[in-house]
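Pasting a structure below so you can have a look.
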There are 4 protein chains.
Amino acid sequence: MNASVGILGHRGYSGAELAFLLSRHPGVTPVLLDHRDDDAPLRTSLRRIAYSPEAVLAEQFRVVFLATPPEISMDLTPALLDAGVVVIDLSGAFRLGTPDAYQRWYKTPHTQPALLAEAAYGLPEFCRSIIPGARLIANPGCYPTAANLAIRPLVEAGIVDLEAGIVCDAKSGVSGAGRKPSLAASFCEVTENFSAYSILHHRHVPEILRISGLEERHLSFTAQLLPIDRGILETIYFRSTKLKSAAGLLAIYRAQYANEPFIRIHDEGSVPDLRAVQRTNFCDIGVRFDPETGRAVVISAIDNLIKGAAGQAVQNMNLALGLPETAGLL
Amino acid sequence: MNASVGILGHRGYSGAELAFLLSRHPGVTPVLLDHRDDDAPLRTSLRRIAYSPEAVLAEQFRVVFLATPPEISMDLTPALLDAGVVVIDLSGAFRLGTPDAYQRWYKTPHTQPALLAEAAYGLPEFCRSIIPGARLIANPGCYPTAANLAIRPLVEAGIVDLEAGIVCDAKSGVSGAGRKPSLAASFCEVTENFSAYSILHHRHVPEILRISGLEERHLSFTAQLLPIDRGILETIYFRSTKLKSAAGLLAIYRAQYANEPFIRIHDEGSVPDLRAVQRTNFCDIGVRFDPETGRAVVISAIDNLIKGAAGQAVQNMNLALGLPETAGLL
Amino acid sequence: MNASVGILGHRGYSGAELAFLLSRHPGVTPVLLDHRDDDAPLRTSLRRIAYSPEAVLAEQFRVVFLATPPEISMDLTPALLDAGVVVIDLSGAFRLGTPDAYQRWYKTPHTQPALLAEAAYGLPEFCRSIIPGARLIANPGCYPTAANLAIRPLVEAGIVDLEAGIVCDAKSGVSGAGRKPSLAASFCEVTENFSAYSILHHRHVPEILRISGLEERHLSFTAQLLPIDRGILETIYFRSTKLKSAAGLLAIYRAQYANEPFIRIHDEGSVPDLRAVQRTNFCDIGVRFDPETGRAVVISAIDNLIKGAAGQAVQNMNLALGLPETAGLL
Amino acid sequence: MNASVGILGHRGYSGAELAFLLSRHPGVTPVLLDHRDDDAPLRTSLRRIAYSPEAVLAEQFRVVFLATPPEISMDLTPALLDAGVVVIDLSGAFRLGTPDAYQRWYKTPHTQPALLAEAAYGLPEFCRSIIPGARLIANPGCYPTAANLAIRPLVEAGIVDLEAGIVCDAKSGVSGAGRKPSLAASFCEVTENFSAYSILHHRHVPEILRISGLEERHLSFTAQLLPIDRGILETIYFRSTKLKSAAGLLAIYRAQYANEPFIRIHDEGSVPDLRAVQRTNFCDIGVRFDPETGRAVVISAIDNLIKGAAGQAVQNMNLALGLPETAGLL
């Protein structure tokens, strides 16, 4: 029998994508949970009920997804955990390990510090073993997903000249900003434009540091807004005196991701574009290396709403429920 | 009396922009020169004649612009110089100082090596003194214009940790690829997409090195295709142990460009987007600096068809003819 | 000496375009008027003062433009007229001749019925004679401008089979919806999409009827949202038993607009696209006719922010102040 | 055991979409057929072989899809039929009933007139009974699919005032023009633009007439290019003295399409946009009616590459092979 799962925040772009993915998932039965009066559903025929702790119990949910702002996620999580469901939170509420880090980057105190310590960071390619059994899974940010999948194998391999630093120049589609109307996300402001924001200070930086093993001084990260709906492409630059060839760089990725269903490594001479990953849970990685000077470029591409949000949440749910990791995602 | 000037290649995007700018220029009378049978003009009412060396003489052109591919520019330039006109070439034919450099980056021999040595590189902000009097002006490439205006002051000021290198992550609108139809520039391939090309090996790299003073091993340059019509934004990363503050970085630019009519420096806390420079001859520059770690980011934005091509060509023409440098450009 | 003119609502897209056009106008000195606290100016260096009736007097404005919502225009107009300035209102407040019509289409009572009767409808091509001398000019809506310029000559010529009706299928860029953020104007909702709204019931319909001479039952008008920033293209269909050829149809337009500086009629076999009118005050018109069946198609294109708003307002100001009608607009 | 099916023309947008749909189809095994040397496949891992009549026999194809230009479809079809396969042709080669009609609209003689008479027009909603048993299926054009599904029920119901005529104002994404590079389909020409083409004379008109039951003099059809990748929206206008209400109009569609899996009728007050049909095989239809004047508007939306091409081809294949009609399409 299918497991029952609930979705809070189904009107946002990540939440709606999650509802869409789960509606086609063979192993679960999703239910939309209305948190506010205006939670009219978006182009879906899924069953929808009002959220309440009682309803959560009555529905016997195995998992509840929170596609809500971090402050709402912090509010709702304790009662959900008490009800015995696994919480998969798509916000930034539980991604950083300590209240201090949260305070620094989110500019507000964390209201559930005990849960912060407990939360499992849900990047399956590096944290797979801790997902089953976790009560609370912090689904990674979109930028950190693309960054960590590209950077961590390099750091682990010890080939990066850390003193020269790593540059991660990130570009994202507008859906990453969420569905709430704003001038910055208005069509007339975005079309035929391109702009940078949160230069060196984006709140996704600490997630990259936490998983990649870099220190803050090593990494220069800039987020930029592409005039497209969805997709993140990150162009990552570093220097290496140890690396001999592009083939050697690719070998690191191929060894790391040999058994990963959602990571695709490009052959030498080819790099990913966004088209190939849109509407998929894949992270595509390609490289360029100049052996004479040691300059390396890695390009990492994902769909910010799928591998960067809803798809990865489904991947984590599959792990949590003991379902095949790719169920509903290929 | 207005000076007569000719335009070859007026059907391409740069040439058409040039025709548009010159049609509103108060000091010159532009004439379109047809080089091929299909040189139907684009939405302009400018006078148009067939190109021939005789016609060039008969028209008493002071300047002829070549908005043609480099091999055609090399073919046509000798006869034009013989006719006594100043040639402003918008192609890459005469931008590199030596035949060897040309051979390496353009993968074909240079057919006019003597002229290569003679050509003046037309970046007025750094080469203004050599423009008047030059017979042949090599109008800079679009990417190098944005890059050099941002990078050269840093190199001259000696604040860059060169061993850590400079990253220039460049993004351009599609018009930079020219008007000739190609799959890569087709709407369905570009819309909602983003992709990198010529990673570390773009033919504009030697222009950046030549003017900025960097060596090849210092610079990592990647060109990327934005799903927009026009505009180049370059995000430039470096490290500095000498710099103390963003204000110090801005002071370098403000000193360098105090009297430049086409360079605008953003105040601290603000960086340019493409909207502000589209359809203008401005280069806008903004910075971000982290004093604790020495990480610096500079953003440089231009319109690739104006400051990156046609507008800069008009600026060079103004200098060559002794007209006010901003004539027809504000 | 230049006439002083004021702009209220300079932060909206029409108001900002107006500020841009007036900043380059040779005959006037524009001043931005802040109506609310958050009236920070947009990328302009024009002088800016707080709006008050006293300030209006002190500045000795000849003209004040209202680029404000209709309810604010109704509020502000009486005091401005009392101060002796000519008011050019870009909203719909004064475009319909009667309070009843306003009530029907704007779903709210008109608060200045006396002024409604006095207002001059500012479509210069048909109302030129009443603009000089008018105290209050109702600047036309964007859709009606494109529609009336195309339709009225046909109705006047008596060639339309009115019983078969006229279809006006209108498509507009998103800037027509204004600068206020909304989900409907968000990038992710608009990009790669196309949708109709206000089918048969758009509030611009009565303006078309009033000027074109059509009755409501004759006209089927649909407004649709293009995934572009600016431009309106209207495809107009009618049937004619009297017309013999496309040339005959073009002759009607050529006769009507022989001396009009801002109307361009395409030759037979060609129709306008939006590119040709964007950032101009032109209305371009082209036709197609099938003589065997009497089916006719007329295409009318404008920039919604220029000929459809700010440019036409400048044209009206030029007429009101006795300046050349094209001043600042070519 | 799965039926083997071949795809010629798999590099074009329709052919690539077909390959994608068939790769996920549960009942068939698709094979790409290379017709030319440069038939490199597009982002697919399907098996690929060189096309030859012998290969067709060896593979024991049940169906071969031709996603090729009409002249190639005419060339290849006889040999394929001789080999005993069902041919589903996505080009216009076999859509018109007579050689004269083909000659008139395609401006070239038809080389297989006998097959023209035999071909079954593959619009399942109206021609379902003739698809099983047909050797040659002419897959409908994209514009006619959206038009006929909206118009034919109206004509059959006898509610249209035919003397007033029907207007079909059609807008299509750029993929409808195919993958071959052209200036008209270049990003810089299309973005932020909108234009009409083939006004009143598009080659899809005779398909609409043939199926809808309209005569040429009744229909005014204009095709227009949207700055989007995929989707067709048609705004259809007519007049009716017989119709009493929007509900009555909707009742006609609901009765017609009660059992159709791919037609969705909007409730009163709502009309489709392109977002809802993109990447689906649905045709969405919505209406607006003014009972006082008898003016009616119908909006019909499809994905031009799916219901307008590849999806409908799969639907026809399902019918031809006796598979569930929706297999691989939901």
Side-chain angles (χ1 to χ4, degrees), chain C residues 161 163-173 188-201 215-222 224-233 235-239 271-276 278 286-290 292-299 301, chain D residues 161 163-173 188-201 215-222 224-233 235-239 271-276 278 286-290 292-299 301:
Chain C
D161 293 356
E163 293 314 307
I166 289 190
V167 165
C168 180
D169 189 271
K171 302 93 177 169
S172 173
C188 295
E189 304 295 317
V190 173
T191 187
E192 297 289 317
N193 201 357
F194 183 74
S195 59
Y197 62 99
S198 301
I199 304 169
L200 298 180
H201 289 76
E215 295 173 36
E216 191 171 352
R217 67 193 174 89
H218 297 144
L219 177 70
S220 294
F221 176 87
T222 293
Q224 291 157 111
L225 192 65
L226 283 171
I228 68 171
D229 180 9
R230 54 204 285 170
I232 283 180
L233 188 142
T235 313
I236 294 163
Y237 300 82
F238 66 97
R239 286 162 181 273
V271 289
D273 65 2
L274 284 180
R275 186 73 85 243
Q278 282 162 340
V287 311
R288 179 103 198 191
F289 183 69
D290 181 59
E292 291 186 32
T293 59
R295 296 169 301 160
V297 179
V298 175
I299 291 184
Chain D
D161 293 355
E163 292 315 307
I166 289 190
V167 165
C168 181
D169 189 271
K171 303 91 177 171
S172 174
C188 295
E189 303 296 316
V190 173
T191 187
E192 296 289 317
N193 201 356
F194 183 76
S195 58
Y197 62 98
S198 300
I199 304 169
L200 298 180
H201 289 76
E215 295 173 35
E216 191 170 352
R217 67 193 174 89
H218 298 144
L219 177 69
S220 294
F221 176 88
T222 293
Q224 291 157 109
L225 192 65
L226 283 171
I228 68 171
D229 180 9
R230 55 204 285 167
I232 283 179
L233 189 142
T235 313
I236 295 163
Y237 300 82
F238 66 97
R239 286 161 182 273
V271 289
D273 66 1
L274 284 179
R275 187 73 86 242
Q278 283 161 342
V287 311
R288 179 103 199 191
F289 183 68
D290 181 58
E292 290 187 32
T293 58
R295 295 169 300 160
V297 178
V298 175
I299 291 184

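Throughout, a chain's letter reflects where its sequence line sits, starting with A, and its residues are numbered from 1.
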inquiry  = If I compare all heavy atoms of Val271(D) with all of Ala196(C), which pair ends up nearest, and what's the gap?
reply    = CG2-O, 4.2 Å
message = I'd like to check Leu200(C) versus Val297(D) (side-chain heavy atoms, cut-off strictly below 4.5 Å). Are they in contact?
response = yes
query = How long is the span from the CD1 atom in Ile228(C) to the CG atom in Leu226(D), to the nearest 0.5 Å?
reply = 10.0 Å
Interface moiety of Arg239(D) toward chain C, non-hydrogen atoms closer than 4.5 Å = side chain
task = Heavy-atom distances under 4.5 Å only: say whether Leu233(D) touches chain C with side chain, backbone, both or neither.
result = side chain
task = Can you spot which of Asp290(C), Ile299(C), Val298(C) makes a side-chain contact (heavy atoms from CB on, under 4.5 Å) with Ile199(D)?
result = Ile299(C)
inquiry  = Only pairs of heavy atoms separated by less than 4.5 Å count here; which of Ala301(D), Gly231(D), Pro227(D) has the most with chain C?
reply    = Pro227(D)
message = Which atoms of Val190(D) are under 4.5 Å from chain C, going by heavy atoms: the side chain, the backbone, both sets, or neither?
response = backbone
query = Can you say whether His201(D) sits under 4.5 Å from chain C via the side chain, the backbone, both, or neither, judging by heavy atoms?
reply = side chain
ask   = Of all heavy-atom pairs between Tyr237(D) and Asp169(C), which one has the smallest distance, and what is that distance?
value = OH-OD2, 2.6 Å
message = Applying side chain to side chain contact (heavy atoms under 4.5 Å, CB included) to Thr235(D) and Lys171(C), what does each step give before you reach the verdict?
response = CA-CA 11 Å; Thr235(D) 313; Lys171(C) 302 93 177 169; over 6 Å; no
note = Comparing Leu225(C), Asp161(C), Thr293(C), Thr222(C) against chain D, the one with the most heavy-atom pairs below 4.5 Å turns out to be Thr222(C)
inquiry  = Taking side chain as everything from C-beta outward and backbone as N, CA, C, O, which of these in Glu292(C) sits under 4.5 Å from a heavy atom of chain D? Side chain, backbone, both or neither.
reply    = neither
note = Value for CD1 (Ile236(C)) from OG (Ser220(D)), rounded to nearest 0.5 Å, stands at 13.5 Å
request  = Let me know if Leu219(C) has heavy atoms under 4.5 Å from chain D in its side chain, its backbone, both or neither.
outcome  = backbone
message = What part of Glu192(D) gets within 4.5 angstrom of chain C, counting heavy atoms only: side chain, backbone, both, or neither?
response = both
key: Choice from Pro272(D), Ala296(D), Ala164(D) maximising heavy atom contacts with chain C below 4.5 Å   = Ala164(D)
Side-chain donor/acceptor of Arg275(C) to backbone N/O of Thr191(D), under 3.5 Å = yes
